[in-house]
Amino acid sequence: IIRELVKRTDGNPLYIEELMRNLTTPLSSCDKSIEERMLSIPGSLQASFTARLDSVGHAKQIAQIAACVGRNVPYELLKSIITNHELLYESLDQLVESEILTRNTNQGTVEYHFKHALLRDSAHDSILKKPRQIYHGEIARHLVRNFSGRIPDEMIALHYAEAQEFESAADYFTRAG
């Protein structure tokens, strides 16, 4: 097993960690033997992250929206964007349990972080172009409406640019200097 892991991962520590996570899932929670799991090891780190995102069901969409926000995601912002708070709570718990996100609390403020930047990129890249533009537009408008003065204008401009709302993007880039 170890030889196969080293061969498939080319010694990449992050990839080894990801594959070991896959292989060490308790057998009772998985209907595959170790040998079957070895045969189904994703061929790349990207494929492994994609498989992990696919395994969380409806929570994947929450991860995708969070990925549009960035690697660090204030809970307050997610709560203002996602109106189904019960789904949001359940999904965030599942994403933390699946080690896609980590949860940090600092002085009563809750923030979620993608465990790795590549995992965030996988979630972001898995969104089709039109929904991704919509998410970025919603994020920009929520930042303007609810976080004005606390978020740099450049960040708002970047979300507007991703949404292809170029007039608003130009306005916020100008404000940013």
Side-chain angles (χ1 to χ4, degrees), residues 12 14-15 18 42-177:
N12 180 319
L14 180 60
Y15 194 15
E18 185 67 16
S44 69
L45 186 56
Q46 180 74 29
S48 182
F49 286 153
T50 299
R52 188 169 359 156
L53 286 164
D54 288 342
S55 75
V56 295
H58 69 272
K60 178 180 178 179
Q61 184 178 15
I62 302 300
Q64 290 172 320
I65 294 168
C68 287
V69 173
R71 184 156 182 214
N72 303 315
V73 187
Y75 172 71
E76 189 180 346
L77 177 58
L78 282 178
K79 190 175 174 186
S80 73
I81 295 168
I82 300 164
T83 57
N84 184 339
H85 295 158
E86 186 176 326
L87 173 68
L88 177 62
Y89 300 139
E90 290 172 9
S91 296
L92 289 171
D93 283 345
Q94 185 177 6
L95 293 167
V96 168
E97 187 176 307
S98 300
E99 297 183 28
I100 292 170
L101 298 176
T102 60
R103 180 184 302 128
N104 295 322
T105 304
N106 186 9
Q107 298 178 346
T109 302
V110 178
E111 189 168 85
Y112 290 86
H113 305 275
F114 279 88
K115 186 173 179 188
H116 196 280
L118 293 175
L119 189 52
R120 180 255 167 212
D121 293 347
S122 291
H124 189 264
D125 294 346
S126 70
I127 310 168
L128 295 175
K129 182 179 178 181
K130 189 63 177 170
R132 186 171 48 221
Q133 289 173 339
I134 291 168
Y135 292 155
H136 279 288
E138 288 179 20
I139 291 165
R141 285 183 285 284
H142 281 278
L143 289 172
V144 168
R145 190 170 38 251
N146 301 317
F147 299 90
S148 186
R150 295 189 285 167
I151 301 292
D153 288 335
E154 183 178 356
M155 180 181 286
I156 295 169
L158 290 170
H159 285 292
Y160 275 129
E162 285 284 336
Q164 294 191 1
E165 296 179 27
F166 298 118
E167 281 187 40
S168 296
D171 181 42
Y172 277 91
F173 276 127
T174 301
R175 289 182 194 189

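Side chains of S126 and Q64: a donor on one and an acceptor on the other come within 3.5 Å. For E165 and Y172, the side-chain atoms include no donor-acceptor pair closer than 3.5 Å.
Taking the six-membered ring where tryptophan is involved, the planes of H136 and H124 are perpendicular, since the angle between them exceeds 60° and thus also 30°.
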message: Does Y112 form a side chain to side chain contact (heavy atoms under 4.5 Å, CB included) with V69? I'd like the steps, not just the answer.
response: CA-CA 11 Å; Y112 290 86; V69 173; over 6 Å; no
- prompt: Given L88 and K79, is the side chain to side chain contact (heavy atoms under 4.5 Å, CB included) satisfied, shown in steps?
  reply: CA-CA 8 Å; L88 177 62; K79 190 175 174 186; 4.2 Å; yes
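K129 and Q164 get closest at one heavy-atom pair: CE-NE2, 3.8 Å. Pairing each heavy atom of H142 with each of I81, the nearest pair is CD2-CG1, 3.6 Å. F173 approaches A161 most closely through the heavy-atom pair CE1-CB, 4.5 Å. Closest non-hydrogen pair, R141 versus I134, comes out as NH2-O, 4.5 Å. For the pair R103 and V96, the tightest heavy-atom approach, listed with the atom from each and the gap, is NH2-CG2, 3.9 Å. In this structure, K60 and D54 approach most closely via the heavy-atom pair NZ-OD1, 2.6 Å.
Here the CD1-CZ distance, from I100 to R52, works out to 5.5 Å after rounding to the nearest 0.5 Å. In this structure, CD1 on I139 lies 12.0 Å from CG on L158, to the nearest 0.5 angstrom. Rounding to the nearest 0.5 Å gives a distance of 5.0 Å between CZ of F114 and CG of L101. Here N104 contributes atom CG and T109 contributes atom OG1; the two are 11.5 Å apart, rounded to the nearest 0.5 Å. Annotation: the span from E138 atom CD to L77 atom CG amounts to 11.0 Å, rounded to 0.5 Å. One distance of note links CG of D153 with OG of S148; it measures 7.5 Å at 0.5 Å rounding.
For the pairing with Y135, the side-chain hydrogen bond (donor to acceptor under 3.5 Å, both in side chains) check across K130, Q61, E162, H159 returns one residue only, Q61.
Side-chain atoms of R120 do not come within 3.5 Å of backbone N or O of K115 as any donor-acceptor pair.
Within a 6.0 Å radius of CD in E154, other residues, nucleotides and ligands contribute 12 heavy atoms or fewer.
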